[in-house]
Amino acid sequence: MYKRIIRPLFFLFDPEKVHHFTFVLIKNLFKIPGISFFIRKIYTVEDKRLERNLFGLTFKNPVGLAAGFDKNAILYNEFANFGFGFIEIGTVTPKLQEGNPKKRLFRLKADKAIVNRMGFNNKGVFAAVKNLKKNKGKIIIGGNIGKNTTTLPTNYTEDYLTCFQELHPYVDYFVLNISCPNVNSHAKLNDKDYLIELITAIQEENKKFQQQKPILLKIAPDLNKIQLDEIIAVVIKTKIDGVIASNTSVHREGLKISERELEKIGNGGLSGKPINDRSTEVIKYLAKKSNKAFPIIGVGGIHSAEDALEKLNAGADLIQIFTGFIYEGPVLIKQINKAILKREMLKEIKN
Ligand SMILES: Cc1cc2nc3c(=O)[nH]c(=O)nc-3n(C[C@H](O)[C@H](O)[C@H](O)COP(=O)(O)O)c2cc1C
């Protein structure tokens, strides 16, 4: 139904408008009595063998919704019914920001991909907190945090700290987003010494709370081996809880879309099928080189159960989807969970 009717209809219109329209539609759909139960029945796979214990949290299953989809924490209660094991809200910044001028979101249909240069458009951390106070407690929530575009490099840490302090009571884990290709001035966030300084400041703040929350680092898929080695060194030195690999890519190799069309689209981060292999390679490298010293959340180009299993085999402990959710629909979550369950059952038989 999704791929035959809903997707072709949605794909006739501007992607950003469709995103907002879908949010209104889902919000209203879930006002119908009994709909949560019905949707849960269709999409959820419940089985103890899908559970994952990481960072002191119990995930009902390893399939999450990646950051950027529910930036302002509007639909996480509703999305919880689609079978996800966790949902990451954000990226939120201290102050509301409009992001880059429109048009800034593009479908590359032949490639099953998206290019976006949204630029951290969000309503600010206080709006997110207001929405998170409505949490019905159905699912693990991650808070992905960043800095405002206009913030001076001297105040980056302050921005991350503000988001961290405000969100702390309302999310289960944190992600420091240091890898968005759509906001300039990320150079400093690639600097190893500054990264250690930032992580340490956030960890110190974490200690002030009665219950400490896990903190992860979200990295780009475009890092070379030297840069990945640096990330490993930073993670080990700071003992940060884990890494999310990866964000969108600035590369454009191997796409089916014509050069002319690509030029018309312009800058932005590429997501979806074309970044699948690169993201898996990054996960594999991090896991192998570090001797699996820290948990990894694998994201980037998962459009099928096979893609998801590949990420897990490469060393991911959990996975997230974004572009695949748009192209394949919510059934993808169920397909992945069923495939993971099948794998667990086979393991049991072998043992
Ligand atoms: C439109 C759009 C907006 C995004 N916004 C964010 C964001 O705000 N913060 C973030 O960490 N990642 C963001 N991402 C990156 C995704 O979370 C994910 O890492 C990336 O798209 C790769 O996964 P995918 O191929 O399954 O889409 C965004 C991606 C897209 C397509």
Side-chain angles (χ1 to χ4, degrees), residues 2-3 7 10-11 15-16 18-20 22-23 26 43 61-76 78-80 82-92 99 104-109 111-122 139-144 146 175 177 179-182 216 218-222 243-250 268-280 282-283 296-305 307-308 310-311 316 318-337:
Y2 179 82
K3 280 209 259 185
R7 189 180 77 182
F10 279 178
F11 275 22
E16 197 170 340
V18 169
H19 188 78
H20 293 304
T22 314
F23 266 51
I26 294 179
Y43 292 110
N61 68 65
V63 187
L65 180 63
F69 208 98
D70 191 13
K71 282 184 194 276
N72 300 304
I74 291 170
L75 269 193
Y76 62 92
E78 287 78 7
F79 280 142
F82 285 99
F84 287 114
F86 61 112
I87 288 170
E88 199 170 300
I89 63 106
T91 298
V92 294
R104 52 193 182 178
L105 184 60
F106 307 86
R107 296 185 197 100
L108 282 61
K109 286 188 222 167
D111 292 293
K112 286 203 164 179
I114 288 174
V115 167
N116 93 83
R117 52 169 172 278
M118 305 301 286
F120 281 2
N121 59 313
N122 77 105
I139 194 158
I140 288 179
I141 304 287
N144 182 309
V175 181
N177 187 4
S179 52
C180 174
N182 302 312
L216 290 89
K218 184 160 178 180
I219 64 166
D222 304 327
V243 170
I244 303 194
S246 62
N247 214 314
T248 54
S249 170
V250 295
L270 176 72
S271 61
K273 257 216 163 309
I275 68 162
N276 182 29
D277 288 350
R278 178 62 195 144
S279 150
T280 307
V282 169
I283 295 163
I296 300 169
I297 301 184
V299 52
I302 298 176
H303 284 244
S304 67
D307 296 338
E310 237 177 67
K311 290 267 190 294
L318 304 172
I319 52 147
Q320 290 178 322
I321 58 170
F322 188 129
T323 308
F325 188 42
I326 294 170
Y327 277 89
E328 314 302 328
V331 75
L332 177 62
I333 309 152
K334 185 178 186 171
Q335 287 167 347
I336 296 173
N337 274 319

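For the single chain, residues carry numbers from 1 onward in sequence order.
Separating the NZ atom in K218 from the CD1 atom in I297 is a distance of 9.5 Å, to the nearest 0.5 Å. Atom CG of residue L105 and atom CZ of residue R117 lie 10.0 Å apart, to the nearest 0.5 angstrom. To the nearest 0.5 Å, the span separating CD1 on I302 from CD1 on I333 amounts to 12.0 Å. Note that OH of Y2 and OH of Y327 are 9.5 Å apart. Values are rounded to the nearest 0.5 Å. Remark: H303 NE2 to K112 NZ distance equals 7.0 Å, nearest 0.5 Å. A distance of 8.0 Å separates OG1 in T248 from CG in D222, rounded to the nearest 0.5 Å.
Although no hydrogens or angles enter the test, the distance criterion places no donor-acceptor pair under 3.5 Å between the side chain of N72 and the main chain of I74. Of the possible polar contacts, one joining the N122 side chain to the F120 backbone as a donor-acceptor pair under 3.5 Å is found. Using a distance-only test at 3.5 Å, with no hydrogens or angles considered, no donor-acceptor pair links the side chain of D111 to the main chain of P274. Not a single donor-acceptor pair under 3.5 Å links the side chain of N337 to the backbone N or O of K334. Using a distance-only test at 3.5 Å, with no hydrogens or angles considered, no donor-acceptor pair links the side chain of K311 to the main chain of I283.
Closest approach of I139 to F84, counting heavy atoms only: CD1-O, 3.2 Å. Taking both residues in full, the closest heavy atoms of A305 and L332 are given as N-CD1, 4.4 Å, listed atom of the first, atom of the second, then distance. Nearest heavy atom pair, residue Y76 against residue I87, reads O-CD1, 3.6 Å. Annotation for S249 and I275: closest pair CB-CG2, 3.9 Å, computed over non-hydrogen atoms. Shortest non-hydrogen contact noted between R107 and F10 is NH2-O, 3.3 Å. Of all heavy-atom pairs between I319 and A308, the closest is CD1-CB, 3.6 Å.
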*Derivation of the side-chain contact (heavy atoms from CB on, under 4.5 Å) call for F322 and N116*: CA-CA 12 Å; F322 188 129; N116 93 83; over 6 Å; no
*Chi angles and distances behind the side-chain contact (heavy atoms from CB on, under 4.5 Å) call for N276, E310*: CA-CA 10 Å; N276 182 29; E310 237 177 67; 4.3 Å; yes
*May I have the step-by-step check of side-chain contact (heavy atoms from CB on, under 4.5 Å) for E328 and I321, ending in yes or no?*
CA-CA 10 Å; E328 314 302 328; I321 58 170; over 6 Å; no
*So S246 and R278, side-chain contact (heavy atoms from CB on, under 4.5 Å) or not? Walk me through it.*
CA-CA 9 Å; S246 62; R278 178 62 195 144; over 6 Å; no
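Ring planes of Y43 and F82: tilted class, angle from 30 to 60°. Ring geometry for H19 against F69 counts as perpendicular: the plane angle is over 60°, on a 0 to 90° scale with 30° as the lower cut.
Under 3.5 Å, the side chains of T280 and D277 contain no donor-acceptor pair of N or O atoms. N177 and S179 share a side-chain donor-acceptor pair at under 3.5 Å. Donor-acceptor pairing under 3.5 Å is lacking for the side chains of N144 and K71.
Contact of the V331 side chain with the K3 side chain is not registered, since no non-hydrogen atoms from C-beta on lie closer than 4.5 Å.
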